[in-house]
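Written out below as structure tokens is the structure these notes cover.
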There are 2 protein chains.
Amino acid sequence: MTTLIEEPAEMHNNILIVEDDMAIREMMAFSLRREGFDTFKAASGHEALDQLNRVHPDLIVIDWGLPDMSGIDLIDMIRRDKVIKEVPIIMLTARAEEADKVKGLERGADDYLTKPASMLELMARIRAHLRRSRGFELTHKLEYQGIVMDAEAHEVLIDGKSLSLSLTEFKLLKLFLQNPNKLLGREHILNHIWGRNTFVEDRTVDVHILRLRKALKKHGKDKWIQTVRGVGYKLTS
Amino acid sequence: MTTLIEEPAEMHNNILIVEDDMAIREMMAFSLRREGFDTFKAASGHEALDQLNRVHPDLIVIDWGLPDMSGIDLIDMIRRDKVIKEVPIIMLTARAEEADKVKGLERGADDYLTKPASMLELMARIRAHLRRSRGFELTHKLEYQGIVMDAEAHEVLIDGKSLSLSLTEFKLLKLFLQNPNKLLGREHILNHIWGRNTFVEDRTVDVHILRLRKALKKHGKDKWIQTVRGVGYKLTS
DNA sequence: ACAAACCTGTCATCAAGCTGTCATAATGAT
DNA sequence: ATCATTATGACAGCTTGATGACAGGTTTGT
């Protein structure tokens, strides 16, 4: 199997750095790693898109001036992509002009920092954005009606009792817990668990749903994953 | 569907400004109003809390140094309040120290701007935050006289009770809910549900109407879909 | 290094649910 | 009363999802 989305045992946050200046890029990557983030690097817009095909970062830092395209264009592309469009983006550039800031923010960036940027401030802002996008889940804990998942510990408790799941089942349940009561189509599930450019039968999703249901059944909560014929599945109490 | 950045014309955002310097406060309020926001003002932490008891702003701008408490303390209080804790907060202060920025962001502010701040930048940042927080509230819901459809969850509730529909019935009901009280011709219905270039008898529509009515009948609302002889159907109370 | 245990992605098969059409009965309009 | 239009019940065909089995592949413990 080709697992494109690696989920390290300790679930760290993935940060993608898009910056053509190697010195700055490496420095940022270093600082971020030291803070416990997993970093991915890209030196151009195309490299960035390439990375995005393989990883779904939790946040992206983008330099305004890239060799092959403007950072703003990259943001546009990201915001148009169904799978990752929600990712927080911090724009980091040398342009201090007010008009540029406004433009960057209006065009889809969530934050705008001018170089030379303080690493501490960048870090703080990254954390602030992650705090939100992860749903105040800096603790890495997800919960829904008695199902408690500690993503970091890779552990699931149902009504206090521990539940063991395989990696795929775990990711699947996590996806459900992140979108409770929302309908998830097969396509969506595939994209988020196997990555976009993988060739996996959609029917495979069924099988994993089945397996997850079996696991939940031991705790009487197998009915919580509902099938919506022709569309997908959803987690409901 | 549509974009995330959908801006209903009538929709005004409530912004609460917490700032003790009257000149700055009024200037901000003025600028914000001109941009179409509804503003609420507070000159101290207590005034702010007072306001919060009456209004639930969509975003709060807080000055670090308030006469009666630190802006950070105010943030703490807000974040502890179950009802409004999710509101985006922008901290606006004279303190340019890096350590302060970090502290503000770590303690719960979503953004941090140093005075003198550019109104344009503030505006852009406010919009960027609203863009996100509103995205979550845009949970696509349709309602008509007790029939509530959550398209995202693919769920229909009638007077609170759940109703299960097949995919076609669901789409049909959705079409009606999107056009309440409007007359929908067969042709129109066909186009919207089966697509323009499909070969389906228009009598088929009748059958699906029938099925939808049957489903609604369980909740006594089958009469709501009226037949308009020779033309089509419409949803009416 | 080796075997046992476990995971995973696919299949083939089965059952259940949906759909589009008809034929026929109702209903409404003139 | 007659013609046009719609409501209904029945149905056969088709899709879609559930399930059990299985062959590789990987991990774990010894």
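Model, not experiment: these values are computed from the prediction. The basis for the numbers below is simple: all heavy atoms, side chains too, and nothing from hydrogens, waters or symmetry mates. First the proteins, then the strands, lettered A, B, ... as listed; each starts at 1.
Checking the phosphate oxygens (OP1, OP2) of D/dG9, a side-chain nitrogen or oxygen of B/K214 falls inside 4.0 Å. Put simply, B/R186 has no side-chain N or O that comes within less than 4.0 Å of OP1 or OP2 on D/dT5. A/Y233 has no side-chain polar atom (N or O) that falls below the 4.0 Å cut-off from OP1 or OP2 of D/dT16.
Ring planes of A/Y144 and A/W224: perpendicular class, angle over 60° (limits at 30 and 60°).
Nucleotide D/dA18 holds its P atom 12 Å from the CD atom of A/Q226, rounded to whole Å. The distance from atom CG of A/L210 to atom P of C/dT13 is 19 Å, rounded to the nearest whole Å. Look at CG on A/D206: it is 12 Å from C1' on C/dC11, rounded to the nearest Å. Summarising the geometry, the separation between CG on B/L212 and P on D/dT8 is reported as 13 Å, rounded to the nearest angstrom.
Taking 4.5 Å as the limit, every side-chain heavy atom of B/L142 sits out of range of all side-chain heavy atoms of B/F176. At a threshold of 4.5 Å between non-hydrogen side-chain atoms, the residues A/L105 and B/R127 do not count as touching.
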**Where protein sits on nucleotides 17-27 of chain C, one letter per nucleotide: B base, S sugar-phosphate only, - none, heavy atoms under 4.0 Å** = BSBBBB----B

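Using a 4.0 Å heavy-atom distance criterion, B/F170 is classed as making no nucleic acid contact.
Annotation: the span from A/I17 atom CD1 to A/I24 atom CD1 amounts to 11.0 Å, rounded to 0.5 Å. Between A/E26 atom CD and A/D21 atom CG the span is 10.0 Å, to the nearest 0.5 Å.
A donor-acceptor contact closer than 3.5 angstrom links the side chains of B/D111 and B/H129. For A/S70 and A/R107, the side-chain atoms include no donor-acceptor pair closer than 3.5 Å.
In this structure, the side chain of B/D58 engages the main chain of B/N14 through a donor-acceptor pair within 3.5 Å.
The minimum heavy-atom distance linking A/A128 with B/D110 is given by the pair CB-O, 4.4 Å.
End-to-end axis angle of the helix from C/dA1-D/dT30 to C/dT30-D/dA1, using five pairs per end and rounding to 10°, comes to 40°.
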